[in-house]
Amino acid sequence: MQINTIVKFKKIIMLALSICLFFMSVPAYAALQLELTQGVAGAIPLAIVPFTKQSAALPTDVSKVIRDDLANSGRFNVLPAAELRQFPHNLLAINYNYWRKLNVNDVLIGTVKKITSNRYAISFALIDVYRNQTNDDNKNQVLVARKFEVDAAGMRHLAHHISDVVFEQLTGQRGVFNTRIAYIVVQRYLNKPVKYSLEVADADGYNPRPILVSPQPIMSPAWSPDGKSMAYVSFEHKHAQIYIADLATGKRTLVANYPGINGAPAWSPDGNKLAIVLSKSGNPNIYLKNLQTGKLRQLTHGLAINTEPSWSPDGSSIIFTSNRGGGPQIYRFNLADDQVTRLTFAGNYNARASYAPDGKSIVMLHRQGGLFNIAIQDLASGVIKTLTTDGLDESPSMAPNGDLILYASQYGGRGVLGVVSTDGRVKIRLPAREGNVQEPAWSPYLS
Amino acid sequence: MKTLQQYRYPLLLAVIVHVIFLTLVFIGLSTTTSQTAALARHMPKVKIVQAVAVDQTKVDAEIKRLRHQREHKRQLQLAHKRARRRELAKLTQQRQVEKLRLQKLKREQQKVLQQRRQAAKKLAQLKQQRLLMQKRQAAAKKRRQKLLAEQQLIKQASAEERQMQKQQHRQLQTVISHYKNLILAAIRQQWLLPLHVKQGAYATLMIKLAPGGTVLSVKIIHSSGDSALDRSARTAVFKASPLPVPKNTQVFQQFRQLQLKVKPEQNKVA
């Protein structure tokens with residue numbers, strides 16, 4: 001018994017010693033320190049597996065909508081569906097090595113199931129291909145997974161919602177897929193009066209519906225900051241007037257009906273004021289209309305043209321286009337001290353400027369070599385970057401996340417809408433409408 | 001030699017004492033013999049007889065005188081005898097005394113000798129002891145020197161080793177920084193910078209590598225607070241796998257764990 005314990009003790013000591021020796025013989029290496037400050041600018045490679053359909057005919061191809069949303073967002077490099085050879089619809093079916101070979105960072109899978117005649121169950125999961133090198137922990141790879149139930153009419157909306165969720169998950173920023181756009185459609189037909197329509201559509205150009213139809217010109221639609229109202233200029237009474245329409249009720253209010261020009265309305269960020277252009281004193285000048293009191297304050301003076309006002313995101317200043325220096329250039333009017341500063345110096349034609357949501361840059365119409373293109377100017381450095389090259393682009397309007405710019409362009413002899421990413425990498429045309437599409441305006445976030 | 005020097009005076013003293021003693025003995029002996037010789041020379045002179053004309057009275061007188069003379073002679077002889085006896089007795093006494101003294105001296109001498117022998121013995125012992133001590137000391141000294149030499153050798157060796165290690169370390173650092181740059185370049189090519197990153201935001205990742213550079217795991221040990229930034233970095237590391245690492249297994253040990261700080265610098269897009 002005693003001998004046994006001694007032997008045991010000896011064994012323990014030997015073990016302890018050998019452990020000590022082991023640790024002494026294997027030096028402990030501290031982790032090597034590295035620092036990386038540069039990467040590459042580029043779109044995130046993403047695969048979207050067509051959602052499994054358990055019924056033949058569906059009102060909306062959900063995964064196709066998501067694919068278009070994300071592909072057109074400027075932030076994703078979505079693998080073409082034709083290149084896919086594997087179509088997993090659940091986590092267990094995912095072969096991570098396959099997706100890694102395709103060099104995608106993430107995979108979106110999902111299903112659409114018809115429950116009743118007009119009810120559909122839709123689920124999706126976003127999978128991080130690189131979260132773990134080992135494939136044994138599937139749950140860990142899922143970035144986000146959700147389930148929904150919608151009717152046929154809500155499917156497109158839900159698809160945009162999924163796009164937003166994926167976008168936010170992967171970029172850390174809000175997506176704009178469930179926002180809307182407003183624009184003017186001008187339709188001219190032989191032997192028919194010209195038809196002007198103010199329309200609102202989904203951000204991808206689908207689901208257009210008219211807000212106002214008129215035989216007289218409609219111009220300058222402007223979204224209220226809460227997205228519930230829209231100001232616009234209508235010539236329905238043969239001269240320019242500014243109205244505000246409640247989008248839910250269709251009720252509208254006349255807010256500016258001064259002699260001469262009543263134009264270019266722009267909402268203050270708090271929604272209480274409207275910057276407008278009036279020519280009641282002779283030449284166009286910028287005025288502030290208080291929507292609650294109705295009071296009018298003139299901001300710009302002089303004999304030059306001052307037009308196209310746009311608010312800074314903090315509401316402290318207004319930028320506008322003026323030819324006071326000869327050609328049209330962008331100036332900033334500081335509301336605190338009425339000081340005017342010139343912002344643009346590159347080229348002899350800069351107009352229709354608006355702030356990016358972060359207030360650090362402005363997007364504008366920029367003429368270069370006789371071509372009118374959309375450009376973005378960094379306010380700190382003054383550096384201008386031209387984003388489009390069509391030469392006949394105009395009316396830029398930035399998406400609320402600052403990633404995309406909606407603008408009016410010409411294609412096939414017609415006015416169409418285009419979207420360009422602020423880095424200039426992605427450029428798309430929205431679905432064509434009959435007639436000429438003009439003066440687009442991107443809505444704020446609507447929820 | 002040392003002992004001889006140390007005992008020179010006692011030795012000299014002993015020699016002198018002996019010489020004096022022997023001289024004394026010799027003188028004593030020589031005086032006794034000369035006296036006896038003188039006595040022997042007197043004797044024949046007394047026996048000489050002169051033959052002359054004699055008258056009775058004269059003869060009687062002569063006889064009387066002769067008798068007288070004889071008597072006197074006898075008396076004298078007796079006196080001589082007595083004197084001689086006394087002398088003899090005295091001499092024997094002297095001799096006795098001398099003998100005793102000699103014996104005493106002898107004893108003393110022996111004593112001295114013995115003492116000396118003992119001293120010598122002691123000395124020898126001491127000598128031996130000292131020798132032993134010296135031997136020991138010498139041995140100790142030798143040992144110490146040997147140890148010192150060994151230590152010196154070790155020192156020298158370790159210095160050389162250190163020098164070598166330093167050099168190796170320098171070489172290692174060069175290799176390491178080379179591969180560090182390769183790794184950073186590999187990840188940089190894969191790192192899709194998220195737009196709109198907050199100024200100064202950074203994430204720190206702990207990367208574990210297998211030999212050959214395969215990324216085993218990436219752990220976010222400091223989140224930037226921006227999940228898109230965190231994930232972009234992690235994905236970049238995985239996509240850059242296998243990372244370029246040294247083939248040498250020893251050097252690779254340095255690359256088993258990498259701590260990567262990703263901090264997007266504005267306007268530094270490659």
Side-chain angles (χ1 to χ4, degrees), chain A residues 26-46 73-77 96 99-106 126 128-134 137 140 143-144 167-174 356-358 360 378 380-381 383 401-403 421-423 425, chain B residues 176 179-181 183-185 187-198 202-210 214-218 221 224-239 241 252-270:
Chain A
V26 179
Y29 290 101
L32 213 58
Q33 309 274 323
L34 299 160
E35 186 168 341
L36 189 58
T37 57
Q38 295 170 45
V40 290
I44 298 169
L46 172 73
S73 72
R75 303 290 284 273
F76 297 99
N77 181 9
Y96 290 96
W99 298 107
R100 280 179 199 145
K101 259 184 210 147
L102 287 180
N103 208 32
V104 293
N105 289 12
D106 309 276
L126 180 64
D128 185 339
V129 176
Y130 290 99
R131 193 153 195 163
N132 281 309
Q133 195 69 9
T134 51
D137 192 1
N140 217 10
L143 292 171
V144 59
F167 185 91
E168 190 161 355
Q169 188 66 44
L170 296 181
T171 67
Q173 287 166 287
R174 277 185 86 171
D358 62 6
K360 287 179 182 167
D378 180 69
S381 65
V383 171
N401 68 355
D403 270 7
S421 57
T422 40
D423 57 12
R425 273 206 311 264
Chain B
I176 286 173
Y179 278 97
K180 262 176 147 178
N181 288 335
I183 288 170
L184 282 175
I187 300 173
R188 190 184 300 127
Q189 280 178 5
Q190 296 293 343
W191 189 25
L192 282 175
L193 277 172
L195 290 172
H196 312 293
V197 173
K198 262 188 204 156
Y202 73 93
T204 310
L205 315 179
M206 186 60 86
I207 303 163
K208 282 196 176 131
L209 297 183
T214 302
V215 177
L216 293 176
S217 70
V218 179
I221 55 172
S224 61
D226 178 346
S227 66
L229 173 58
D230 292 357
R231 212 173 41 248
S232 71
R234 185 177 57 200
T235 301
V237 173
F238 274 126
K239 285 179 105 166
S241 176
F252 169 73
Q253 295 308 317
Q254 303 279 342
F255 289 85
R256 260 187 195 288
Q257 280 202 73
L258 310 175
Q259 195 174 310
L260 176 69
K261 182 177 172 184
V262 290
K263 189 179 176 191
E265 268 175 21
Q266 312 294 324
N267 306 321
K268 275 217 174 174
V269 170

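Chain letters run A, B, ... following the sequence lines, proteins first and then strands; every chain starts at 1. Just so you know, these numbers use all the heavy atoms, side chains as well, and skip hydrogens, waters and symmetry mates.
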Might you point out which heavy atoms bring [X] and [Y] nearest each other, and give the distance in Å?
| X | Y | value |
| --- | --- | --- |
| L192(B) | A43(A) | CD1-O, 3.2 Å |
| G172(A) | A228(B) | N-CB, 3.7 Å |
| K239(B) | Y130(A) | CG-CZ, 3.3 Å |
| R234(B) | D128(A) | NH2-OD2, 3.3 Å |
| W191(B) | L36(A) | CE3-CD2, 3.7 Å |

Does any backbone or side-chain atom of D403(A) lie under 4.5 Å from a heavy atom of chain B? Answer side chain, backbone, both or neither.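 The side chain, not the backbone.
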What part of Q169(A) gets within 4.5 angstrom of chain B, counting heavy atoms only: side chain, backbone, both, or neither?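 Both backbone and side chain.
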Tell me whether K180(B) contacts the main-chain N or O of L34(A) through its side chain, where contact means a donor paired with an acceptor under 3.5 Å.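 No; zero donor-acceptor contacts below 3.5 Å.
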Interchain contact, I207(B) with chain A, by part (heavy-atom threshold 4.5 Å):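 I207(B) has no heavy atom closer than 4.5 Å to chain A.
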With a 4.5 angstrom heavy-atom cut-off, is it the side chain or the backbone of I183(B) that approaches chain A, or both, or neither?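 Side chain only.
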Just wondering, do [Y] and [X] contact through their side chains at under 4.5 Å, heavy atoms?
| X | Y | answer |
| --- | --- | --- |
| R231(B) | N105(A) | no |
| R100(A) | S241(B) | no |
| V40(A) | L193(B) | no |

Which residue out of R256(B), K263(B), Q190(B), Q259(B) racks up the most heavy-atom pairs below 4.5 Å with chain A?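 Max contact count across the listed options: Q259(B).
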With a cut-off of 6.0 Å (strictly less than), are more than 12 heavy atoms of other residues, nucleotides or ligands near NZ of K261(B)?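 Yes.
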Can you tell me how far the CD atom of Q38(A) sits from the CD atom of Q189(B), to the nearest 0.5 Å?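 Those atoms lie 12.0 Å apart.
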For the interface with chain B, which of D423(A), N103(A), T422(A) has the highest count of heavy-atom pairs at distances below 4.5 Å?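 Going by pairs under 4.5 Å, I would pick N103(A).
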